[in-house]
Amino acid sequence: MQWPDGSGNLTELASIHLSRLEGMVNKITVVGAGNVGATTAQRIAEKELARQVVMVDVAEGIPQGKALDQWQSAPIEGFDSRVTGTNGYDETAGSDIVVITAGIARKPGMSRDDLLKTNAGIVRSVSEQVRTSSPDAIVIVVSNPLDVMCHVAKEATGFPRERVIGMAGVLDTARYRAFLAEAMDVSVRDIQAMVLGGHGDTMVPLISYTAVSGIPVTQLLDRTTLDAIVDRTRNGGAEIVKHLKTGSAFYAPSAGAVQMVEAIVLDQRRILPCAAYLEGEYGESGIFLGVPCKLGRGGLQKVIEVELTAEERASLAQSAEAVREPMRALAG
Ligand SMILES: NC(=O)c1ccc[n+]([C@@H]2O[C@H](COP(=O)([O-])OP(=O)(O)OC[C@H]3O[C@@H](n4cnc5c(N)ncnc54)[C@H](O)[C@@H]3O)[C@@H](O)[C@H]2O)c1
């Protein structure tokens, strides 16, 4: 059957719709309807990664208002993911994926670790609710200090490591790639890179694995320029906080979280730098640290171990120590 405007037929349209539905899960919850959370929900809806996108926040009216606003953009943007907002967990029941962005953000002059105790309390209570309402969910943690909050979420949910993964490396790597592309005046798409380690000043950008369409970056940029880019990447979050004065980055962080969501929903088996719970990989156990991960159906499918230079190994060990320190502070 032809439409009056002559476009397509019903069978064709039905099959397009079906294939779109196949590429989505039923429900994704985003906890925290602040800057990162709301932008994450919007990106998930615009990419139609779930039939329902639920935003939860303790602030009354905020998730409801933002969700309604986003839903009203659906006819314009052309997505059918239904976005709703709530202050409770009933509506989130049975979520396939839960992205945790609840917490307070860094203020100027405040280190990520200053956030430690407040955000640990928030992430613990959120994770306990997730355990009850969505026992089979895959949890992606965004709240800072990231690596420690992942640990809190894993303990409070009791989920296996495949289902608790932290977002930081994707963001740090995106910043690194953006700065490299800018310095070389090339497309960001052609920069392959990985930033490992904890999400903090001790993160480890791997120069030895940085390439531009396969060409080692060391052949294209001198060491001084590269070192300056690595330094700027390490301070990428603080640079934005300094500009904004209140609040911190959220466009790139939400894009990072959604890239992980997409890899899982579409079973893309992407290799992305994520905070994973290590069980001996890279000589570390019992902590979350940024390492190359294969993400697909079920969440974390594999932690990939790559060879590191002696300098990179030492930096990673230092980064692991910087994650252990706040964990001890939290336990003490
Ligand atoms: N991992 C990363 O790379 C990365 C990047 C950017 C931001 N972050 C972190 O993400 C978090 C959110 O940042 P933001 O800019 O969106 O902050 P924001 O202040 O805009 O939003 C945080 C939201 O969490 C809500 N909230 C507080 N307690 C809650 C609870 N118990 N349950 C549900 N919601 C609760 C607040 O009401 C607020 O709306 C911060 O911890 C920030 O440091 C991490």
Side-chain angles (χ1 to χ4, degrees), residues 29-43 54-67 85-89 91-92 98-108 110-130 133 139-153 156 164-176 195 197-201 203 233-241 244-260 272-275 288-290 323 326:
T29 289
V30 180
V31 186
N35 281 340
V36 177
T39 322
T40 299
Q42 183 184 12
R43 291 187 193 280
V54 185
M55 255 190 283
V56 193
D57 201 295
V58 285
E60 271 176 41
I62 299 293
Q64 292 87 344
K66 289 190 179 180
T86 171
N87 300 115
Y89 283 79
E91 293 89 334
T92 72
V98 177
V99 184
I100 302 181
T101 76
I104 58 161
R106 249 191 323 164
K107 313 268 174 342
M110 196 182 191
S111 83
R112 287 192 180 87
D113 292 341
D114 292 337
L115 297 176
L116 182 65
K117 292 221 158 83
T118 312
N119 282 359
I122 292 172
V123 170
R124 190 171 298 118
S125 83
V126 166
S127 303
E128 284 165 359
Q129 310 257 31
V130 171
S133 52
V139 175
I140 294 175
V141 181
V142 181
S143 310
N144 273 323
L146 192 270
D147 309 274
V148 189
M149 293 308 112
C150 290
H151 205 90
V152 171
V164 183
I165 318 158
M167 192 296 295
V170 174
L171 169 65
D172 297 330
T173 303
R175 286 177 173 153
Y176 181 49
V195 176
H199 184 49
D201 309 333
M203 68 180 76
T233 303
R234 284 213 175 96
N235 296 305
E239 185 178 348
I240 289 173
V241 170
L244 294 178
K245 303 205 169 54
T246 55
S248 57
F250 57 99
Y251 292 112
S254 56
V258 176
Q259 186 174 49
M260 292 171 63
L272 299 172
C274 306
F288 277 83
L289 203 60
V323 174

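We use all heavy atoms of the structure for the numbers below, so side chains are in, but hydrogens, waters and symmetry mates are not. Please read these numbers as outputs of a predicted model, since none were measured by experiment. One-based numbering, in listed order, for ligands and for the atoms of each.
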Val31 to ligand 1: N or O pair under 3.5 Å? no
At under 4.0 Å between heavy atoms, is it the side chain or the backbone of Pro253 that contacts ligand 1, or both, or neither? side chain
By number and element, which atoms of ligand 1 are closer than 4.0 Å to a non-hydrogen atom of Asn119? 41 (O)
Side chain Asn35, main chain Ser248, donor-acceptor under 3.5 Å: no
Which value, rounded to the nearest 0.5 Å, describes the distance between Thr118 atom OG1 and Asn144 atom CG? 12.5 Å
Mind checking whether Tyr89 has an N or O less than 3.5 Å away from an N or O of ligand 1? no
Find all atoms of ligand 1 within a distance of less than 4.0 Å from any non-hydrogen atom belonging to Val36, and give their numbers and elements. 7 (C), 13 (O), 14 (P), 15 (O), 16 (O)
Nearest to atom 29 (C) of ligand 1 by heavy atom, Val58, Val241, Val30, Val56: which? Val58
For the residue pair Thr173 and Pro273, what are the closest heavy atoms and their distance? OG1-CG, 3.3 Å
Which ligand 1 atoms, with their elements, are less than 4.0 angstrom from a heavy-atom of Val142? 1 (N), 2 (C), 4 (C), 8 (N), 9 (C), 10 (O), 44 (C)
Short list, please: which atoms of ligand 1 are under 4.0 Å from a heavy atom of Thr101? 11 (C), 12 (C)
For Ser125, is at least one N or O under 3.5 Å away from an N or O on ligand 1? no
Do Thr233 side-chain atoms and Arg175 backbone N/O form a donor-acceptor pair below 3.5 Å? no
For Ile62, state whether at least one heavy atom is located under 4.0 Å from any atom of ligand 1. no
Between Leu171 and ligand 1, which part of the residue brings a heavy atom under 4.0 Å of the ligand: side chain, backbone, both or neither? side chain
Exam field: side chain Arg43 to backbone Tyr251, donor-acceptor pair closer than 3.5 Å: yes
Could you see which bit of Asp172 sits under 4.0 Å from ligand 1, with heavy atoms only: side chain, backbone, both or neither? neither
Option whose closest heavy atom lies nearest to atom 41 (O) of ligand 1, chosen from Leu244, Asn144, Val141, Asn87: Asn144
Within-cut-off N or O pair, Ser143 and ligand 1, under 3.5 Å: no
Report yes if Ala59 has an N/O atom closer than 3.5 Å to an N/O atom of ligand 1; otherwise report no. no
For ligand 1, note which part of Leu146 has a heavy atom under 4.0 Å away: side chain, backbone, both or neither. side chain
Would you confirm whether Asn119, through its side chain, and Ile104, through its main-chain N or O, come within 3.5 Å as a donor-acceptor pair? yes
Check for a donor-acceptor pair, side chain of Gln42 on one end and backbone N or O of Thr39 on the other, with a separation under 3.5 Å. no
Using the rule given for side-chain contact (heavy atoms from CB on, under 4.5 Å), can you reason through Val54 versus Tyr89, listing the C-alpha separation, both sets of side-chain angles and the distance that settles it, and then say yes or no? CA-CA 10 Å; Val54 185; Tyr89 283 79; over 6 Å; no
Tell me which part of Ile104 gets within contact of ligand 1: side chain, backbone, both or neither, using heavy atoms under 4.0 Å. backbone
Is a side-chain N or O of Asn87 found less than 3.5 angstrom from the main chain of Val56, in a donor-acceptor match? no
Heavy atom under 4.0 Å from ligand 1: found in His199's side chain, backbone, both, or neither? side chain
In terms of atom number and element, which parts of ligand 1 are under 4.0 angstrom from non-hydrogen atoms of Gly103? 22 (C), 23 (C), 24 (O), 26 (N), 27 (C)
Between Ser133 (side chain only) and Thr92 (backbone N and O only), is there a donor and an acceptor less than 3.5 Å apart? no
Taking only non-hydrogen atoms of Ala249 and a 4.0 Å limit, the atoms of ligand 1 in range are 6 (C)
Using a 3.5 Å distance criterion without hydrogens, assess whether the side chain of Arg124 forms a donor-acceptor pair with backbone atoms of Ala156. no
Closer than 3.5 angstrom, by distance alone: can the side chain of Thr101 be matched with the main-chain N or O of Ser143 as a donor-acceptor pair? no
